[in-house]
Amino acid sequence: MFTFTDLPELRARVRAWKIEGLRVGFVPTMGNLHAGHMALIDLAREHADRVVASVFVNPTQFGPNEDFSRYPRTLDADAAGLAAHDCDALFAPTVATMYPYGTGNEVKVQVPDITTILDGAHRPGHFDGVATVVARLFNMVQPDVAVFGQKDYQQLQVISRLVRDLAFPIEIVAAPTVRADDGLALSSRNQYLSPAEREVAPTIHATLLSMREGVRGGRTLAAVEAAATARLVAAGFAVDYATIRRADLGAPADHTRTGLVALIAARLGNTRLIDNLLLD
Ligand code: AMP
């Protein structure tokens with residue numbers, strides 16, 4: 001596996017692959033890789049001849065009181081895991097490579113509408129940071145296809161809109177969420193949980209399943225949302241939202257029963273967890 005920290009070497013390698021007629025896949029990450037990330041690498045391999053992964057903890061997508069400084073950084077282990085998964089290249093840039101004018105003085109990419117609801121409302125500026133770094137990474141790597149996890153459902157919608165509106169010639173592929181046996185979606189942030197919190201955390205997935213049953217059983221969406229919030233609060237969560245939306249994240253009419261997604265963001269202690277479930 002090639003490892004690049006600088007842009008010219010990355011570009012030369014990708015250019016050489018493209019001259020050979022090879023299709024290049026890309027998986028952007030913040031590192032601390034787990035089986036969910038590796039499933040994205042495997043899926044990228046199905047859609048491309050060569051796979052590039054990036055590891056970059058992007059400062060511009062963290063709020064001032066969020067976990068940027070304590071976010072787990074495990075580059076050596078990540079590189080070993082990627083190599084074992086037949087990843088062809090790892091791009092691990094510095095902040096200076098990603099933001100040559102520094103952060104706070106960077107050109108920003110702002111996707112409208114869907115970035116100010118749900119996680120965007122609870123994490124102001126988060127999706128501006130995501131769109132800004134992904135646009136940069138797309139220009140740097142110049143992949144033919146990029147894979148994103150459905151676990152970050154709203155992020156996937158933001159990226160899809162970014163790619164269409166700015167006409168990036170990149171196919172976006174969504175990967176299903178990888179879960180622990182007890183249903184908890186794998187996440188680098190799960191390791192912040194105490195043993196007691198880790199016991200409680202699968203309640204999020206259980207609640208999503210009960211939301212699906214509620215919708216299938218004909219209850220009003222408002223009643224399903226209220227029951228979900230109550231269940232999470234009873235388990236000890238501080239709930240940011242437990243909601244049912246259309247697949248495009250618009251508000252559904254209450255009689256809607258198809259094309260829906262249930263989304264939860266809830267905090268256990270200092271750890272904020274998100275998850276979602278397509279209801280069809
Ligand atoms: P992150 O490193 O958390 O920014 O995530 C990098 C990519 O991995 C994103 O596209 C995420 O949606 C995806 N991802 C994270 N956790 C999972 C998971 N449990 N299952 C599938 N994809 C995931």
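Ligands are counted one by one from 1 in listed order, and the atoms in each one are counted from 1 as well.
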task = Fit a plane to each ring of Phe62 and Tyr71, take the angle between them on a 0 to 90° scale, and name the class: parallel (under 30°), tilted (30 to 60°) or perpendicular (over 60°).
result =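 Perpendicular.
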
request  = Could you check Arg50 against Asp144 for salt bridge (Lys or Arg N to Asp or Glu O under 4.0 Å), going step by step and ending with a plain yes or no?
outcome  = CA-CA 10 Å; Arg50 295 289 181 272; Asp144 299 292; over 6 Å; no

For Phe148, the ligand 1 atoms whose distance to one of its heavy atoms is below 4.0 Å =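 In order of number, 10 (O).
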
query = With atoms numbered from 1 as shown, which atoms in ligand 1 lie under 4.0 angstrom from a non-hydrogen atom of Thr177?
reply =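 Checking each atom against Thr177, I get 20 (N), 21 (C).
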
Looking only at protein heavy atoms, which one is nearest to [atom], and what is the separation?
{"atom": "atom 20 (N) of ligand 1", "value": "Val178 N, 2.9 Å"}
{"atom": "atom 5 (O) of ligand 1", "value": "His37 NE2, 3.5 Å"}
{"atom": "atom 13 (C) of ligand 1", "value": "Leu40 CD2, 3.7 Å"}
{"atom": "atom 10 (O) of ligand 1", "value": "Gly149 N, 2.8 Å"}
{"atom": "atom 21 (C) of ligand 1", "value": "Pro176 O, 3.5 Å"}
{"atom": "atom 12 (O) of ligand 1", "value": "Asp152 OD2, 2.6 Å"}

task = With heavy atoms only and a cut-off of under 4.0 Å, state how Pro28 meets ligand 1: side chain, backbone, both or neither.
result =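 Within the 4.0 Å criterion, Pro28 contacts ligand 1 through backbone atoms alone.
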
request  = Answer side chain, backbone, both or neither: which part of Ser187 comes under 4.0 Å from ligand 1, heavy atoms only.
outcome  =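 It is neither; nothing of Ser187 touches ligand 1.
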
Closest non-hydrogen atom pair between Pro252 and Leu260, with its separation =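 That would be CB-CD2, 3.7 Å.
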
request  = Specify the closest pair of heavy atoms between Leu162 and Ala135, including all atoms of both residues, with the distance to one decimal.
outcome  =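 Taking every non-hydrogen atom into account, CD2-N, 4.3 Å.
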
task = Please test Arg272 against Asp119 for salt bridge (Lys or Arg N to Asp or Glu O under 4.0 Å), starting from the C-alpha separation and ending with a verdict.
result = CA-CA 11 Å; Arg272 187 173 187 276; Asp119 276 347; 2.7 Å; yes

query = Linking I/L/V/M/F/W/Y whenever any side-chain heavy atoms sit under 4.5 Å apart, do Val239 and Tyr192 land together?
reply =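 No, Val239 and Tyr192 fall in different hydrophobic clusters.
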
request  = For side-chain contact (heavy atoms from CB on, under 4.5 Å), just list the numbers for Arg212 and Arg216, CA-CA rounded to whole Å, side-chain angles, deciding distance to a tenth of an Å, and then say yes or no.
outcome  = CA-CA 6 Å; Arg212 184 164 69 186; Arg216 286 181 176 163; 3.6 Å; yes

message = Looking at non-hydrogen atoms alone, which of Leu186, Val57, Leu33 comes nearest to atom 19 (N) of ligand 1?
response =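 Nearest option to atom 19 (N) of ligand 1, by heavy atoms: Leu186.
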
request  = Between Gln61, Met30, His34, flag the one that comes closest to atom 17 (C) of ligand 1 by a heavy atom.
outcome  =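 It is His34 that holds the nearest heavy atom.
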
ask   = Cut-off 3.5 Å, side chains only: do Tyr99 and Asn58 have a donor facing an acceptor?
value =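 Side-chain D/A pair, Tyr99 to Asn58: present.
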
